[in-house]
Amino acid sequence: MYTGLLHAHSGLRWIVLVLILWAIIKAFSGWMGGKEYTKSDRLSALFALIFTHIQLLLGLVLYFVSPKVQFTADMMKTTLLRFYTMEHLVLMLVAIVLITMGFSKAKRLTDAVAKHKKVAIYYGIGLLLILAGIPWPFRGFGAGWF
Ligand code: HEM
């Protein structure tokens, strides 16, 4: 179960990244171009939100089964354990909260440009945090590209 979950969580990152990026591009162009907030804008923001939440659920399960999450005395001193037990969790949770807030704040607004602006800013900051929190292969946490 662990290996399957890990592969799903690892691969899903790409879908999550593409969907968030797509929602940001649409929101940014809507904001800058003063466009209407269409059904397709709402759906792209919604799909990014849904897949980010699925990733959160997979991550939560992994958090309880992963050998890289440990609450031992020297967890803070071990880079790998500290990364997965604290840093990855905190960065991703903050990012997901921001994306969720961006979606629901945009939903409550009536002005189209203001909606685009909310999604662009909240999803934009969320994406930066996610990029910073991913254990990219070059960071030395033993994770792959997929
Ligand atoms: C959008 C959010 C997230 C992305 C893009 C993401 C991405 C990743 C990636 C790429 C890996 C490396 C997988 C590998 O070794 O090949 C990973 C590992 C991990 N993630 Fe996430 N993650 C996210 C959110 C979360 C959250 C919210 C949690 C916890 C609640 C979490 C818990 C974990 C754990 C425990 C591992 C280590 C698993 C292991 O190697 O044993 N992730 N994540």
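As the structure lists them, so they are numbered: ligands from 1, and atoms in each ligand from 1. Just so it is clear, the values below take in all heavy atoms, side chains as well, and ignore hydrogens, waters and symmetry mates. Each residue takes its place number in the sequence, starting with 1.
Residue contacts with ligand 1, taken as heavy atom pairs separated by less than 4.0 Å, involve L89 solely via side-chain atoms from C-beta onward. The residue F141 has no part lying near ligand 1, judged by heavy-atom distances below 4.0 Å.
Polar contact with ligand 1: absent for T52 (N/O pair, distance under 3.5 Å). Taking any N or O of S66, backbone or side chain, at least one lies under 3.5 Å from an N or O belonging to ligand 1.
Rounding to the nearest 0.5 angstrom, the gap separating the NE2 atom in H7 from the CG atom in L12 is 14.0 Å. Considering CG of L19 and CG of L49, their distance stands at 11.0 Å, rounded to 0.5 Å.
The distance cut-off of 2.8 Å around atom 21 (Fe) of ligand 1 captures these protein N, O or S atoms, sorted by chain and number: H9 NE2, H88 NE2.
Looking only at protein heavy atoms, the nearest one to atom 39 (C) of ligand 1 is Y2 OH, 3.1 Å. Closest protein heavy atom to atom 27 (C) of ligand 1: L56 CD1, 3.5 Å. Distance from atom 40 (O) of ligand 1 to its nearest protein heavy atom, with residue and atom name: K68 NZ, 2.6 Å. Ranking protein heavy atoms by distance to atom 16 (O) of ligand 1, first place goes to S10 OG, 3.1 Å. If you check which protein heavy atom lies closest to atom 38 (C) of ligand 1, you get L6 CD1, 3.4 Å. Looking at atom 35 (C) of ligand 1, its nearest protein heavy atom turns out to be V69 CG2, 3.6 Å. For atom 15 (O) of ligand 1, the nearest protein heavy atom (residue, atom name, distance) is A143 CB, 3.4 Å.
Closest heavy-atom contact between Y37 and R42: OH-CA, 3.7 Å.
Residue contacts with ligand 1 leave out W136, since none of its heavy atoms falls under 4.0 Å from the ligand.
Shown are L129, I96, I134; of these, the side-chain contact (heavy atoms from CB on, under 4.5 Å) with L91 is made only by L129.
Between W136 and W145, the ring planes are tilted. Angles from 30° to 60° get that label. The aromatic rings of F146 and W14 sit tilted relative to each other, their planes meeting at an angle between 30° and 60°.
Within the 4.5 Å cutoff, side-chain heavy atoms of W31 are placed close to those of I121. Within the 4.5 Å cutoff, no side-chain heavy atoms of K68 are placed close to those of F141.
In the hydrophobic clustering of ILVMFWY residues, with side-chain heavy atoms under 4.5 Å counting as a link, L46 and I20 come out together.
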